[in-house]
Amino acid sequence: RLVATVVMAVPSLQQLALHVLVSSPQSIDTQFIPTHLLNALMLRALLEDRLNDAFLAFFPHLDPYHPTRVLYSITRLSLRFCRDITDLGLTLALRHPLTELDLSGCCGLGTTPYVLSNRPSLSHLRTLRCARTQWADGNLLKYFLTAPNLVFVDLSFSNVTTVLLQDLEAQRLLHLDLSCTAGVDINAFLESSPAVTHLESLLLCNTTLTPAALSSLLRCTSLTKLDISSCPAFADNMVVNSADCQRFFKALAGLPRLEWLNVSDTNINATSVGELYQLPNLRVLGLIDVTGVLDPPPHLTLASKRNPVEVFAALQHFCTSPSHEVISSIFRRAFDILNVHEKERAHLTPMLTPALTSRVAATLEAHMQGDVAGYGDVLLAGTAVFYWLLSPATVPPYVSLLVKAMARNTYSFQLLQNICFIFSRYQVPEVVLGPYASLIADTLFTAMESEQASPAFQENTIRFCCHTLATMGMRRKTELASITIERTITFIHHGLLLSSGPTTSLFVHLCCVYLWNITDECLENCLMVEEMRGIDILTDALERFPSDHELRRNALGLIANLSEEHELRNSLVNERLLAQLEVTLSTHRGNISMSYNAVGCLAHLLSESLNFFEARGIVQSRRLELADHLTTAVKSWAPPTDSWISYRSVRPLARLLQPTMLIQVQYFAAWAIASLCSIDANKYVPMCRKENITSLLLPIISSEVPQHVFEVASRGIAAITAYCEAHDLPLAS
């Protein structure tokens, strides 16, 4: 008991105990575990979704001296959405005198005959919840419905058959939930079953009811709770005509005990609502989107917020409503329901069907044909719901629809952001998104240029462009460059002018990242940056904001891309920029994330000949001084243990390993090759084989070079050789 008390007091020990019980039950003699500790651990297992068959085997816990006496028994057990529970675990649980059992969402049941072969007693069972069950063996649910004392049954969203409904006729039920069981005809059951007359609670949300079935509800004089919301019979293409609907609502006054009634989305009119107000015991009335309704009497509450079942039923049947106010209201409520913790949202998964997604898409498409201003709320709320309905596998067919919504709503900033979030969340592949890249980019940049665009919108949008658009293939990047490079440099220039403190805005940093990505090994895009005075603007920024480390890192990353191209080095070799490179190396010595881009830029510039430098007024002594700064910086770096940069190819490094290069330049390139291949050999060794890097490193270690150069070159050869030997590959492809 002392040990149990300590375990209960220390969460980490409780977690350890739970882990042992769940994963290695055979190693524990549960006779020595106090009952209250088992109780607490079972509760924790439920909360953490770790309840499984092995854990259920501990209950009941028997007294070793009195084997027939149960020290711990369960009367109420919820296994809701415990996907690890199988028929064996359920059989173990049914040894208890359960009065309430919740098996909703337990998708692992009904695959073996454990329960039916053992046929445990269900004599105590009064409440059974089997919502969202799709069991392989329908006889398992049929067995539960034979429990002699059942009074409460929840079969919503389940595979209910006519045979199961016939079994219910023998029960004297007080509560029955058949919401969203549209796959079976429940009308005959409602019209003829004697079990219906005893019901006190009947939930029929989103079920297909005939006029005769509706009339039969009026004989349920014991009802205190009735839900007929979102039934297709009341929809615009209804089975029941309007006059019949209003007569039915008027006849509900014949249910004197009714306390709770939901008639949301049933086309009820204000006159019929007024008659429902006269029900003597009615306390709650579910009523949504009905105009002209008078205020209810003091004792009556109008429930104007849909529950999840109502919302998704409404999405299925009322998306084609001509009222954009109704649809946007439904969409907003659906988003509120879906925008929860992932664990909670998992319970809604059975409702998020492809048919529902298609319905929402059809609604968005229909409303884009009309008045954009009038239906803007529908598009905004609908795309927010789309964010949760889609998946990586289902998003491609809807890309064209979403791009169309963007193009028609350039200045609807929240709508654009919703769609960008969708594309980012589901990582839409380039083969699907690529054909629309130019249109998307033009729309987004036009929106960012607006005076009404908030800083948050600009930051989120340019971040999307960095990670999704600027990382596409070379052809797409060239297309994007003509649309975006000049505008991005303008953003940077304006952002620098507006910055009054020691640092610039996040938007300016992200603009630099966008240009960094889109110019990677793309000469045309690099030349465009130069033509737009990008080099001068970035140099001005480095001089004006010396303490803005993020700006320095991103700007130098872009400049390093430019330095890889011979055609741009004429603009880069100037004392202003060289001074900024030296400042970076001296200030951030040893910090590879800050100084790597500066060293890379310097290495590419130093790859030019002495004549190239002298023609620009830089003598040999100054050139060698810069080379020494490069060597000092590389020596200060600790061997990296994780990725610090990403290369599309190692061709730029291969050019720096040529025999004509300064040894300091070769040292940097060899260090980079050795580190990249050591950290991510699967990515970089194939690149090295393609460029035949070992043939460039071998002459270095074969000649008279400083020890530090020999070591990194040898490390690079060893990393490439080890990978090739392990995969039985030649050193060059």
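Throughout, numbering of the chain's residues begins at 1 and tracks the sequence. Keep in mind that what you see is a predicted model, and the values were worked out from it rather than measured.
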Do [X] and [Y] have side chains that approach each other closer than 4.5 Å (heavy atoms only, starting at C-beta)?
X: Leu562; Y: Glu530; value: no
X: Ile559; Y: Leu542; value: yes
X: Thr357; Y: Phe386; value: yes
X: Asn409; Y: Thr443; value: no
X: Cys688; Y: Cys677; value: yes
X: Ile518; Y: Thr488; value: no
X: Arg553; Y: His549; value: no
X: Leu602; Y: Phe668; value: no

(message) Per the side-chain hydrogen bond (donor to acceptor under 3.5 Å, both in side chains) rule, what does the pair list look like for residues 599-609, sequence neighbours excluded?
(response)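 Qualifying pairs: His566-Glu608, Arg569-Ser607, Arg569-Glu608.
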(request) May I have all residue pairs that pass side-chain hydrogen bond (donor to acceptor under 3.5 Å, both in side chains) and include part of residues 394-403, sequence neighbours excluded? (result)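 Pairs touching residues 394-403 that pass the test: Ser391-Thr394.
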Of the non-hydrogen atoms in [X] and [Y], which two are nearest, and what is the gap between them?
X: Leu538; Y: Ala555; answer: CD2-CB, 4.0 Å
X: Leu558; Y: Trp516; answer: N-CG, 3.9 Å
X: Ser499; Y: Arg544; answer: O-NH2, 2.7 Å
X: Ile489; Y: Ile537; answer: CG2-CD1, 3.5 Å
X: Met472; Y: Ala437; answer: SD-CB, 3.9 Å
X: Ser649; Y: Met687; answer: CA-SD, 3.7 Å

Under 3.5 Å, side-chain donor or acceptor atoms of residues 625-632 against the rest of the protein: list the pairs with distances, not counting sequence neighbours.
residue: Glu625; atom: OE1; partner: Arg622; partner atom: NH1; Å: 3.4
residue: His629; atom: NE2; partner: Glu582; partner atom: OE2; Å: 3.1
residue: Thr631; atom: OG1; partner: Ala627; partner atom: O; Å: 3.3
residue: Thr632; atom: OG1; partner: Asp628; partner atom: O; Å: 3.0

Is it true that a side-chain atom of [X] and a backbone atom of [Y] form a donor plus acceptor pair closer than 3.5 Å?
X: Asn574; Y: Ser571; value: yes
X: Ser358; Y: Pro354; value: no
X: Thr587; Y: Thr584; value: no
X: Ser586; Y: Val583; value: yes
X: Arg576; Y: Asp536; value: no

(request) Before giving the answer on side-chain contact (heavy atoms from CB on, under 4.5 Å), spell out for Leu676 and Trp644 the whole-Å C-alpha distance, their side-chain angles and the decisive distance to 0.1 Å. (result) CA-CA 9 Å; Leu676 292 170; Trp644 76 98; 3.7 Å; yes
Not counting sequence neighbours, list each pair that qualifies as a salt bridge (charged side-chain N to carboxylate O under 4.0 Å, His left out) and has a residue in [range].
range: residues 423-439; answer: none
range: residues 445-462; answer: Glu449-Arg487
range: residues 495-520; answer: Asp520-Arg648
range: residues 678-696; answer: Arg651-Glu691

(request) Decide yes or no on side-chain contact (heavy atoms from CB on, under 4.5 Å) for Asn561 and Asn517, but give the supporting numbers first. (result) CA-CA 9 Å; Asn561 277 356; Asn517 288 342; over 6 Å; no
[X] and [Y]: side-chain donor and acceptor closer than 3.5 Å?
X: His509; Y: Asp548; value: yes
X: Asn597; Y: Arg552; value: no
X: Thr660; Y: Gln658; value: no

Rounded to the nearest 0.5 Å, what's the gap from [atom1] on [X] to [atom2] on [Y]? Could you check?
X: Leu606; Y: Leu624; atom1: CG; atom2: CG; answer: 9.0 Å
X: Leu496; Y: Phe491; atom1: CG; atom2: CZ; answer: 13.5 Å
X: Phe464; Y: Leu510; atom1: CZ; atom2: CG; answer: 14.0 Å
X: Ile700; Y: Phe710; atom1: CD1; atom2: CZ; answer: 11.5 Å
X: Met406; Y: Leu401; atom1: CE; atom2: CG; answer: 12.0 Å
X: Gln427; Y: Leu433; atom1: CD; atom2: CG; answer: 12.0 Å

(message) Checking Ser703 now: which residues fulfil side-chain contact (heavy atoms from CB on, under 4.5 Å) with it, not counting sequence neighbours?
(response) Val705
(message) Tell me every residue that passes side-chain contact (heavy atoms from CB on, under 4.5 Å) with Glu725, counting only those two or more places apart in sequence or in another chain.
(response) Thr721
For residues 412-420, dump all side-chain donor-acceptor pairs below 3.5 Å to protein atoms at least two apart in sequence or in another chain.
residue: Gln414; atom: NE2; partner: Asn418; partner atom: OD1; Å: 3.0
residue: Gln417; atom: OE1; partner: Asn460; partner atom: ND2; Å: 3.4
residue: Asn418; atom: ND2; partner: Leu380; partner atom: O; Å: 3.2
residue: Asn418; atom: ND2; partner: Thr383; partner atom: OG1; Å: 3.2

When the side chains of residues 589-596 are checked against the rest of the protein, which donor-acceptor pairs come out under 3.5 Å, sequence neighbours left out?
residue: Asn591; atom: OD1; partner: Ser593; partner atom: N; Å: 3.3
residue: Asn591; atom: OD1; partner: Ser593; partner atom: OG; Å: 2.8
residue: Asn591; atom: OD1; partner: Met594; partner atom: N; Å: 3.4
residue: Ser595; atom: OG; partner: Asn591; partner atom: O; Å: 2.8
residue: Ser595; atom: OG; partner: Trp637; partner atom: NE1; Å: 3.0
residue: Tyr596; atom: OH; partner: Tyr647; partner atom: OH; Å: 2.7

(message) Between Arg715 and Glu711, is the salt bridge (Lys or Arg N to Asp or Glu O under 4.0 Å) condition met? List the steps.
(response) CA-CA 6 Å; Arg715 190 154 52 90; Glu711 289 176 357; over 6 Å; no
(message) Using 30° and 60° as the class boundaries, would you call the ring planes of Tyr387 and Phe421 parallel, tilted or perpendicular?
(response)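 Ring orientation of Tyr387 relative to Phe421: perpendicular.
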(message) Applying side-chain hydrogen bond (donor to acceptor under 3.5 Å, both in side chains), can you list everything that pairs with Tyr514, at least two apart in sequence or on another chain?
(response)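 side-chain hydrogen bond (donor to acceptor under 3.5 Å, both in side chains) check on Tyr514 returns Thr484.
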(request) For side-chain contact (heavy atoms from CB on, under 4.5 Å), just list the numbers for Phe423 and Leu469, CA-CA rounded to whole Å, side-chain angles, deciding distance to a tenth of an Å, and then say yes or no. (result) CA-CA 11 Å; Phe423 291 155; Leu469 299 183; over 6 Å; no
(request) Under the side-chain contact (heavy atoms from CB on, under 4.5 Å) rule, what do Lys635 and Tyr667 come out as? Steps first, then yes or no, please. (result) CA-CA 10 Å; Lys635 283 184 174 180; Tyr667 174 47; 3.4 Å; yes
